[in-house]
Amino acid sequence: MTMELSTQYDPKEAEETHYKRWEEGGFFTPEINQNENAEKYSIVIPPPNVTGSLHMGHALQHTIMDVLTRRKRMLGYRTLFLPGIDHAGISTQLMVTRQLKEQENKTPQDIGREAFTEKVWEWKHKYGNTILNQMRREGISVDWSRERFTMDDSLSKAVRNVFVTLYEEGAIYRGARIVNWCPNDETVLSDLEVEDKEKKDGKLYFLKYPVRSDDQERTITVATTRPETMLGDTAVAVNPNDERYKDLVGKMISLPLTGREIPIVADEYVDMDFGTGAVKITPAHDPNDYELGLRHDLPQLSVMNLNGTMNADAGAEFDGLDRYVARKKVLADFEELGLLEKTADHEMILPVCERCKTVIETLISEQWWVKMDGMRDLALELKRSEDYPRFTPQNPHAKVYTDWLENLRDWTISRQLWWGHQIPAWYDKDGKVYVARSREEAAEQAGTEDLRQDDDVLDTWFSSWLWSFSTLGWTGDAKRGQESEVQSPKSEDESPGSSVQRPKSEDPSPKETLDVGPETRDLQTFHPTNVLVTARDIIFLWVSRMVMSSLKFIGERPFDDVYITGTVLAPDGQRMSKTKGNGVDPIDVFDQFGVDATRIALAGSSTGMDFAWRDEKVETYRNFANKIWNATRFCLMNSEGAKADPGSIGMAGSEQKAESGEPSEASVSSPTVREGSGTAAVIDVSALSIADRWIISRLNKTAREVNQALDKYAFHVAVDKLYHFFWDDFCDWYIELVKDEISDRGEWASDKGQVTSDEKEAQDKDQKPKSEDQILARSRIITVLEQSLRLLHPFMPYLTEELWQKLPGANSGLHNPAYSNADRTIMLADFPTGDESLIDEKAESDMATIFELITKVRNIRAEMQIKPSDKIAIHAAADEKSRRIFSENEAQILKLARAAELNLSESLNVPNASAKGVLNNGTEIAIPLEGLIDFEKERERLQNQIDKLEIEGEKMRKQLSNENFVNKAPAEKVEAVKERVREIKIQTELLTKNLEAFR
RNA sequence: GGGCAUAUAUGUCAAUUGGUAGACAGCCUCCCUUACAAGGAGGAAGUUGGAGGUUCGAGUCCUUCUAUGCCCACCA
């Protein structure tokens with residue numbers, strides 16, 4: 001058979017065909033697993049924003065999750081990788097509002113709440129799939145049949161149940177407090193949604209306030225960055241120890257522009273060294289002033305509207321002015337009154353809205369809050385007692401997590417938006433609130449239908465913090481009335497709400513209400529999830545909250561491990577940002593280098609540290625993909641009669657691994673298995689050549705290393721091992737070693753004649769029957785290749801599937817037994833774990849000696865500038881053992897060193913005009929170069945080597961002469977050094993002898 | 001103001017519990033050898049940010065300094 005493949009791998013085609021087949025074949029669903037007793041493995045994707053598009057951080061995280069999932073799936077786990085998106089309240093509302101403005105020149109208020117949310121849903125259906133399609137392109141093996149959206153009915157139900165439960169326990173309350181307010185979005189924000197922004201050209205204004213006292217001229221100067229807020233001042237504060245102002249404490253000030261009188265108070269909060277040591281106090285517009293105001297019982301005078309303009313209480317002249325216009329006016333007025341003492345430059349940090357970057361106002365507003373104490377304690381207790389969650393990398397995340405929890409404050413959960421989960425609270429005519437799961441329930445409580453639902457919606461995170469279990473079917477309905485059974489004892493003790501009798505007493509018994517639908521089964525099967533993979537910036541926003549909610553509501557942890565990826569930085573080492581324009585779009589990279597190259601490049605960079613993006617890195621793996629492609633191409637060109645068969649390299653196939661006796665149902669029922677079940681015997685590896693035993697050993701060792709690395713989330717280690725195994729061991733050495741054995745073309749040296757492609761084809765057609773040995777050799781290399789592709793599959797799914805499909809013998813018989821029913825695909829093949837008994841250290845060290853010999857000869861050739869076409873003679877003087885190894889592999893040595901003869905002896909007997917070298921084991925080699933040798937160059941070369949050994953040897957002899965080292969270091973270390981010193985000594989002596997021969 | 005991290009070859013990054021510093025890219029030499037020039041063979045390149053300390057032995061542990069980055073925090 002002739003398999004014509006192009007000489008370069010084009011990722012496009014593979015990317016287009018395989019994903020569809022995987023998805024349609026149901027390979028991504030846990031149901032594909034036929035093993036009832038399979039262990040489960042589950043990951044829920046951190047839901048990207050519905051408005052979002054894929055960025056490098058996603059690509060990295062998704063790759064990591066997919067690598068983990070694909071490997072576990074191949075290992076026979078029942079895997080679920082669940083996709084979904086987040087409704088992203090603020091940003092989505094912003095986006096649709098903007099669109100509405102552009103297309104219809106209307107505001108949300110113009111069209112009303114219902115029409116607006118309708119529009120958002122439309123928008124969601126139309127554009128919300130962008131990121132989902134990009135995720136498909138990434139090749140991630142998520143179960144689309146379980147795709148979730150934070151506003152799905154069942155997730156909404158969960159949100160309402162959680163809200164009501166917390167309310168009934170007294171953990172959710174409504175109250176007026178000072179909050180972060182975005183005047184642009186006109187909503188409250190939690191502390192976590194506020195960012196700091198440096199303002200280098202900030203100003204500090206010094207305002208003089210006249211003091212009412214006997215001395216009419218007396219003023220007190222305050223420094224402020226926000227003069228407009230002076231309109232809401234209700235005091236001036238000084239430090240009680242401040243001598244400058246001691247006599248003023250208790251006096252009154254006539255506040256300019258307002259006609260109001262405010263007191264001077266003393267408070268420790270005031271820093272005497274900053275500004276003038278006197279601080280204007282605006283309790284309604286500054287968090288510190290708010291606190292101070294409470295301490296001194298000051299009035300809270302709100303002078304601003306919610307859109308950032310001043311209100312009537314700011315005074316008639318200011319009413320309706322934008323805050324920045326008002327600022328100018330206040331300053332102008334002070335100037336005019338001669339009360340503006342001075343203006344100073346002042347670098348400062350401004351709080352801005354995370355979404356729209358508008359400067360935040362702090363103001364007093366009535367909002368819904370969640371008391372976090374109870375849940376916080378659950379999480380902290382688990383951290384203390386079991387060090388949960390386990391973060392990778394552990395530092396600094398574990399500590400940051402704990403510190404944050406310890407200082408946790410109440411969470412503002414209401415948002416003044418229309419897009420989101422509307423707060424399940426209703427008010428009657430008198431303003432009395434009824435919190436319930438539905439309007440009907442509320443009406444029942446209120447005894448009237450005349451109710452108005454709270455206008456606000458919940459913080460987006462109030463739905464995402466339930467993500468680990470709400471996506472698996474938890475709605476909170478099933479366990480209503482039986483909380484105590486599921487909840488951890490601790491939370492039960494603490495929740496006063498658990499004794500609250502709900503108006504639902506007619507509920508049937510808990511057991512009967514337990515919904516055992518498929519969704520609940522998912523919860524039972526897949527929760528807790530195994531690992532959460534996410535970025536650093538949402539440890540507080542999301543990770544910690546998920547822990548708390550999960551402990552609280554289902555009494556178990558949401559996930560086992562937390563893997564925090566590093567940040568992908570721009571090529572310039574800075575953060576990627578739209579404004580800087582230094583971002584790299586993963587889709588562009590996919591187009592340029594292919595998805596697989598991008599994936600493995602990302603995984604290979606994932607150490608947990610931040611890293612700067614390099615196109616060259618992806619290019620390296622693009623080349624790697626091409627290498628894999630061509631290696632496969634070569635194997636296929638020489639594959640007639642062969643097939644992938646683990647038994648051919650001494651590995652038990654999946655059928656052998658499956659429980660003995662029990663013939664897998666699949667092999668009986670499915671004919672597709674037949675073709676592959678020719679897997680007969682597992683051969684005895686010891687009968688194979690050193691080269692074969694070596695590659696089998698390397699393969700198994702690599703498999704073990706890859707598995708170990710992935711278990712520890714050491715993705716870069718896994719990639720490194722795979723890269724070097726495949727490229728160095730398999731391609732550079734193994735293929736070259738067995739080339740003649742598996743190829744029909746005969747000895748490399750024999751035919752130099754040109755062969756036209758026609759003739760070649762003709763030759764291929766009437767190939768003589770292959771010898772059995774050749775077929776076995778071909779099967780071995782195909783099998784090693786096939787195993788390698790499996791190991792690579794989690795990282796490079798498209799390429800490996802594309803190639804695997806072409807391998808003879810690659811069929812569902814190679815699947816993990818759990819999937820023997822499924823259509824042939826590498827993604828269900830049995831993931832190699834590495835058979836320790838096939839690791840052959842002897843073969844590895846023997847091969848290392850052979851490679852050293854070959855490399856040494858090549859080195860001499862290169863340095864002596866011997867033409868590639870010149871075939872030289874190798875003379876080697878070695879001990880008996882080495883001679884045997886060399887002679888057994890003579891053909892390969894000759895070929896790879898481009899030599900015509902290999903003369904083995906106990907001692908060298910060569911012409912003086914020879915280039916010489918010594919191997920680590922003392923083997924002396926020489927290449928006679930009559931006439932060709934440049935004695936000067938050879939002397940230099942030898943001296944060079946002697947010098948290098950000398951430096952190394954000196955270091956070691958020094959170590960050995962140190963008594964402390966010899967006495968205290970482990971004996972094996974000492975012995976190793978001694979051994980190396982012996983080697984160096986022998987080599988140096990031989991080289992010196994050779995050098996002297998030239999003098 | 002606190003907390004944490006990072007500093008290793010020209011660049012981007014590795015280095016399991018302390019045990020003779022590695023990869024990739026780039027660079028130099030040779031080769032378009034019949035899987036692959038997105039390739040092959042060979043090679044050069046590092047006082048591991050500075051200074052101390054612990055240890056037989058330190059890139060790795062401790063102290064300190066310098067630079068950079070991130071997180072948290074109410075300095076008007």
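Each chain gets a letter, A, B and so on, in the order its sequence line appears, and its residues count up from 1. For clarity, every value in this text was computed on a predicted model and none was experimentally measured. Computed over heavy atoms, backbone and side chain alike; hydrogens, waters and symmetry mates excluded.
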Nearest to the side chain of [X], which nucleotide is it out of [options]?
X        : options             : answer
A/Asn859 : B/G43, B/C36, B/U29 : B/G43
A/Asn630 : B/A73, B/G42, B/A35 : B/A35
A/Ala612 : B/U20, B/C13, B/A35 : B/C13
A/Gln8   : B/A14, B/A38, B/C71 : B/A38
A/Trp727 : B/C56, B/G40, B/C31 : B/G40
A/Asn623 : B/C70, B/G39, B/A21 : B/G39
A/Glu952 : B/U20, B/U29, B/C24 : B/U20
A/Asp196 : B/G19, B/U20, B/A73 : B/A73
A/Lys617 : B/U12, B/A76, B/C72 : B/U12
A/Thr620 : B/G43, B/A25, B/C75 : B/A25

Atom-pair distance ([atom1] on [X]; [atom2] on [N]), nearest Å:
X        : N     : atom1 : atom2 : value
A/Lys280 : B/A76 : NZ    : P     : 12 Å
A/Asn239 : B/C75 : CG    : P     : 17 Å
A/Leu636 : B/U34 : CG    : P     : 20 Å
A/Leu350 : B/C75 : CG    : P     : 12 Å
A/Lys867 : B/A41 : NZ    : C1'   : 17 Å
A/Glu616 : B/A38 : CD    : P     : 16 Å
A/Leu292 : B/C74 : CG    : C1'   : 11 Å
A/Leu896 : B/C31 : CG    : P     : 20 Å

Using the [atom1] atom in both, what is the distance from [N] to [M], to the nearest Å?
N     : M     : atom1 : value
B/A21 : B/U48 : P     : 10 Å
B/A45 : B/C24 : C1'   : 15 Å
B/U55 : B/A67 : P     : 32 Å
B/C61 : B/U6  : P     : 9 Å
B/C75 : B/U64 : P     : 26 Å
B/A51 : B/A58 : P     : 15 Å
B/U68 : B/G50 : C1'   : 15 Å
B/G40 : B/U34 : C1'   : 14 Å

Can you check whether [X] has a side-chain N or O nearer than 4.0 Å to OP1 or OP2 of [N]?
X        : N     : answer
A/Trp613 : B/C13 : no
A/Lys627 : B/G39 : no
A/His716 : B/A23 : no
A/Lys948 : B/U20 : no
A/Thr224 : B/A76 : no

If you look at every strand shown and take non-hydrogen atoms under 4.0 Å, does [X] touch a base, only sugar-phosphate, or nothing?
X        : result
A/Val270 : base
A/Cys731 : base
A/Glu736 : base
A/Thr282 : nothing
A/Arg858 : sugar-phosphate
A/Phe611 : sugar-phosphate
A/Tyr290 : nothing
A/Pro571 : nothing
A/Asn962 : sugar-phosphate
A/Ser605 : nothing

- RNA chain B: 5'-proximal contact among A/Asn407 and A/Asp286 (nearest heavy atom):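 Its nearest nucleotide being more 5', the pick is A/Asn407.
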- Residue whose nearest RNA chain B nucleotide is more 5′ - A/Lys712 or A/Arg614: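 Per heavy-atom nearest nucleotide, the more 5' residue is A/Arg614.
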For the aromatic rings, using the six-membered ring if either is Trp, is the centroid distance between [X] and [Y] under 6.0 Å?
X        : Y        : result
A/Phe334 : A/Tyr205 : no
A/Phe391 : A/Tyr401 : yes
A/His296 : A/Tyr290 : no

Residue matched to [N] through Watson-Crick or wobble contacts both under 3.5 angstrom:
N     : answer
B/G11 : B/C24
B/A44 : none
B/C4  : B/G69
B/U54 : none

- Message: If you define the side chain from C-beta out and look only at heavy atoms, does anything of A/Ile927 sit under 4.5 Å from A/Val857?
- Response: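 Side chain of A/Ile927 against side chain of A/Val857, heavy atoms only: contact under 4.5 Å found.
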- Query: Side-chain contact, heavy-atom cut-off 4.5 Å: A/Leu350 with A/Asp196?
  - Reply: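 Side chain of A/Leu350 against side chain of A/Asp196, heavy atoms only: no contact under 4.5 Å found.
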- Query: Taking the side chain from A/Asn630 and the backbone from A/Arg633, do they hold a donor-acceptor pair closer than 3.5 Å?
  - Reply: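 A pair under 3.5 Å: no.
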- Message: Under a 3.5 Å distance rule, please check whether A/Arg177 uses its side chain to pair with a backbone N or O of A/Ile364 as donor and acceptor.
- Response: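 No, the answer is negative, given that no donor and acceptor are paired below the 3.5 Å cut-off.
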- Hey, could you give me the CD1/NZ distance between A/Ile220 and A/Lys208, rounded to the nearest 0.5 Å?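 It is 13.0 Å, given to the nearest 0.5 Å.
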- Item | Point-to-point distance, once rounded to the nearest 0.5 Å, from CD1 of A/Ile628 to OH of A/Tyr9 |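 Answer for the CD1-OH pair, A/Ile628 versus A/Tyr9, is 9.5 Å.
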- Is the shortest side-chain N to carboxylate O distance from A/Asp729 to A/Lys701 below 4.0 Å?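 Result for this pair is no, no salt bridge flagged.
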